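Working notes for the structure below.
Side chains included, hydrogens not; waters and symmetry mates left out as well; all remaining heavy atoms used. A quick note: this is a predicted structure, and the numbers were derived from the prediction, not measured.
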Amino acid sequence: MIPSIRLYFLLAIAIPIALLLAMLVNQQTSLIGTLLFDCLILGLGIIDALRVKSHLVQVTRHPLHRLSIGRDNLILLSVRSSPLA
């Protein structure tokens, strides 16, 4: 799974939010707030993973008929992509 840019954005704003909470409120409230935010990010990451369409790209390695020991062996890969719809 490759996370979307939205997830990276949410992770990037987590640092200033955690620092702001640590400066403005006591330690216990700050830890609870950060934990809730982490749970929110985890939930959004799971939702994002479930929305991803699987098998959009398929890579197949075709075996060679004969392999040579001690030499470079060429391999053949075929890549097939499915439409996004």
Side-chain angles (χ1 to χ4, degrees):
M1 175 191 100
I2 300 172
S4 68
I5 193 73
R6 292 178 302 232
L7 188 61
Y8 288 124
F9 176 72
L10 287 171
L11 290 174
I13 65 171
I15 295 171
I17 289 173
L19 290 175
L20 189 63
L21 277 174
M23 289 188 300
L24 296 178
V25 295
N26 63 17
Q27 183 179 7
Q28 177 133 3
T29 306
S30 175
L31 288 174
I32 291 171
T34 305
L35 179 64
L36 289 174
F37 188 79
D38 288 345
C39 290
L40 175 71
I41 295 296
L42 178 64
L44 290 174
I46 290 171
I47 291 170
D48 192 34
L50 293 174
R51 290 181 56 211
V52 173
K53 297 184 188 294
S54 62
H55 307 297
L56 288 180
V57 176
Q58 180 180 7
V59 179
T60 307
R61 181 182 182 271
H62 301 283
L64 296 175
H65 299 291
R66 186 181 318 168
L67 293 176
S68 300
I69 298 175
R71 286 186 16 194
D72 289 340
N73 293 292
L74 299 176
I75 60 168
L76 178 63
L77 298 176
S78 62
V79 179
R80 194 173 116 217
S81 63
S82 302
L84 291 175

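Considering CD1 of Ile47 and CG of Leu42, their distance stands at 10.0 Å, rounded to 0.5 Å. Rounded to the nearest 0.5 Å, atoms CG (Leu40) and CZ (Phe37) are 6.5 Å apart.
If you chain together hydrophobic residues whose side chains sit under 4.5 Å apart, Leu31 and Ile41 never meet in one group. Both Phe9 and Ile17 belong to a common hydrophobic cluster when Ile, Leu, Val, Met, Phe, Trp and Tyr are linked at side-chain heavy-atom distances under 4.5 angstrom. If you chain together hydrophobic residues whose side chains sit under 4.5 Å apart, Ile13 and Leu21 fall into the same group.
The local environment of CG in Leu76 is crowded, with over 12 non-hydrogen atoms from other residues, nucleotides or ligands closer than 6.0 Å.
Ile32 shares a hydrophobic cluster with Leu36; the chain of contacts runs through ILVMFWY side chains whose heavy atoms sit under 4.5 Å apart.
You'll find the side chain of Ile75 reaches within 4.5 Å of the side chain of Arg61, heavy atoms only.
Every pair passing side-chain hydrogen bond (donor to acceptor under 3.5 Å, both in side chains) that includes a residue from residues 18-41 is listed here, sequence neighbours excluded: Asn26-Thr29.
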